[in-house]
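Here the structure is laid out as structure tokens; the discussion comes afterwards.
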Amino acid sequence: MKACIFDIKRFAVHDGPGIRTTVFFKGCPLNCSWCHNPEGISPDIEHYTVQNTFDGVSLVKELIIGRWITLDELMVELEKDRIFMEESGGGVTFSGGEPLMQHEAVFALLQNCRERKIHTALDTSGFASERILRKATELADLILYDLKSLDDKIHKKHTGLSNKKILENLEIALKGKARVVLRIPLVSGFNNRPVDHQQLIAYLESLDNLDQVDILPYHPFGTQKYKRFHKKNRQNGFGIPPGEKVIALKEGLIDAGFEVNIGG
Ligand code: SF4
């Protein structure tokens, strides 16, 4: 079996506990306006040309985003970092894109890691069928579950999809075997008004089995990628959330009884 991935990031420290190796799968059903991994949205391998000029000489280079890799080859890559994972209490994180778009490969990898006693985290948008989501919660040790907006109109406008399935699946995930950490990408111009914070805190308080929330403040680091990959940049109108608003949300969540991290 093979997986289509676009990156393997070693020594990641924001994708779950300890030092982790994060595998980025190609393909995402959402299309978030602020996405900082736009090269992960298409499930296909993409080809780009980039032109650089050095000393008046123009050089054109072909860039290929994505590659197919067998699961055996991928496990060999992951095993290379075992010592760092073991020493730090880390593991492997499957991210994307949306890794559950390639659920068969991801499930086989999760199973394989479990047999080798490698801790696994699955970073998901939560947009998948109920059957797939349930199985993911059986095979992963930790689910990093992204929640973008409770306002369905705004969610649809800026991600392309309704949040209904994502909210239903969140309740299913919280009843599953894996620990769930909720991740909130906080984006000014999208979900950072006081009313958004109030709705979010009230909703999270109503959920069972949730104890940790990570706030991921938006950053415009992906801007260069839109240029590089000739993609339309739709990040206009979004901004870095002011520090005081991030702290206000953090304190509101702590008062509601959650453990809160900024940046994951
Ligand atoms: S869910 Fe994540 S990877 Fe998919 S489009 Fe949104 S930000 Fe990008």
Side-chain angles (χ1 to χ4, degrees), residues 28-37 41 95-101 122-130 132-134 136-137 142-176 178-219 234-264:
C28 185
L30 278 71
N31 194 350
C32 304
S33 304
W34 66 87
C35 181
H36 58 266
N37 280 334
I41 295 177
S95 184
E98 168 51 66
L100 292 180
M101 269 189 80
L122 178 76
D123 181 12
T124 179
S125 66
F127 193 88
S129 73
E130 184 182 325
I132 290 172
L133 201 279
R134 278 187 196 279
T137 67
L142 171 67
I143 305 281
L144 301 171
Y145 200 107
D146 294 355
L147 180 59
K148 296 170 176 71
S149 174
L150 290 173
D151 185 322
D152 200 28
K153 216 168 144 196
I154 290 177
H155 196 280
K156 265 189 204 153
K157 182 174 174 196
H158 290 297
T159 73
L161 291 173
S162 164
N163 63 11
K164 193 167 172 281
K165 186 87 205 145
I166 292 165
L167 295 176
E168 285 168 5
N169 278 344
L170 174 58
E171 297 200 20
I172 291 167
L174 287 168
K175 291 187 185 120
R179 174 170 155 71
V180 175
V181 170
L182 199 77
R183 307 189 114 194
I184 310 291
L186 194 64
V187 186
S188 284
F190 174 62
N191 63 357
N192 197 26
R193 299 167 301 172
V195 65
D196 298 320
H197 293 197
Q198 285 152 15
Q199 278 174 358
L200 178 69
I201 293 167
Y203 171 69
L204 298 187
E205 277 184 304
S206 75
L207 298 173
D208 292 328
N209 300 329
L210 181 69
D211 54 25
Q212 185 181 331
V213 181
D214 290 349
I215 301 171
L216 310 179
Y218 165 82
H219 57 72
R234 296 165 299 137
Q235 294 180 308
N236 290 342
F238 300 118
I240 300 170
E244 64 272 18
K245 286 208 170 179
V246 179
I247 297 297
L249 178 58
K250 180 181 179 181
E251 286 175 351
L253 288 164
I254 289 173
D255 288 347
F258 297 103
E259 179 189 334
V260 185
N261 294 314
I262 296 176

### Query
In Å and rounded to the nearest 0.5 Å, what is the CG to SG distance from L100 to C28?
10.5 Å
### Summary
When rounded to the nearest 0.5 Å, the distance separating CG of L249 from CD of E244 is 13.0 Å
### Message
I'd like to know if the side chain of E98 reaches the main chain of S125, judged simply by a donor and an acceptor atom lying under 3.5 Å from each other, with no hydrogens or angles considered.
### Response
yes
### Query
So, for G97 and P99, which heavy atoms are closest and what is the spacing to 0.1 Å?
O-CD, 3.7 Å
### Task
Output the distance between atom NZ (K156) and atom CG (D151), rounded to the nearest 0.5 Å.
10.5 Å
### Query
Just how far is it from atom NE2 of H155 to atom SG of C32, taken to the nearest 0.5 Å?
7.0 Å
### Query
Taking C-beta and beyond as the side chain, do K250 and V246 meet within less than 4.5 Å on heavy atoms?
no
### Query
What pair of heavy atoms forms the shortest contact from F127 to L30, and how long is it?
CB-CD1, 3.7 Å
### Query
Please walk me through it: do T159 and W34 pass side-chain contact (heavy atoms from CB on, under 4.5 Å)?
CA-CA 9 Å; T159 73; W34 66 87; 4.1 Å; yes
Report all side-chain donor-acceptor pairs from residues 183-192 shorter than 3.5 Å, counting only partners two or more places apart or in another chain.
residue: R183; atom: NH2; partner: H14; partner atom: O; Å: 2.6
residue: S188; atom: OG; partner: N192; partner atom: ND2; Å: 3.2
residue: N191; atom: OD1; partner: V187; partner atom: N; Å: 2.7
residue: N191; atom: ND2; partner: K148; partner atom: O; Å: 2.9
residue: N191; atom: ND2; partner: P185; partner atom: O; Å: 2.7
residue: N192; atom: OD1; partner: H197; partner atom: NE2; Å: 2.7

Donor-acceptor contacts, no H, no angles, side chain residues 198-208, under 3.5 Å, sequence neighbours left out:
residue: S206; atom: OG; partner: Y203; partner atom: O; Å: 2.6

Show me, pair by pair, the donor-acceptor contacts under 3.5 angstrom made by side chains of residues 161-175, not counting sequence neighbours?
residue: S162; atom: OG; partner: D152; partner atom: OD1; Å: 3.1
residue: S162; atom: OG; partner: D152; partner atom: OD2; Å: 3.1
residue: S162; atom: OG; partner: K164; partner atom: N; Å: 3.0
residue: N163; atom: ND2; partner: S149; partner atom: O; Å: 2.9
residue: N163; atom: ND2; partner: L150; partner atom: O; Å: 3.2
residue: K164; atom: NZ; partner: E168; partner atom: OE2; Å: 3.2
residue: N169; atom: ND2; partner: G126; partner atom: O; Å: 2.9
residue: N169; atom: ND2; partner: A128; partner atom: O; Å: 2.8

### Summary
The side chain to side chain contact (heavy atoms under 4.5 Å, CB included) partner of I143 among D123, V181, L182, V180 is V180
### Task
Indicate the atoms forming the closest heavy-atom contact of Q212 with D214, along with that distance.
NE2-OD1, 3.0 Å
#### Entry: Exam field: side chain D196 to backbone R193, donor-acceptor pair closer than 3.5 Å
yes
## Note on the structure
Taking every heavy atom of L216 against every heavy atom of G263, the minimum-distance pair comes out as CD2-C, 3.6 Å
### From R134 atom CZ to T137 atom OG1, the distance as rounded to the nearest 0.5 Å
7.5 Å
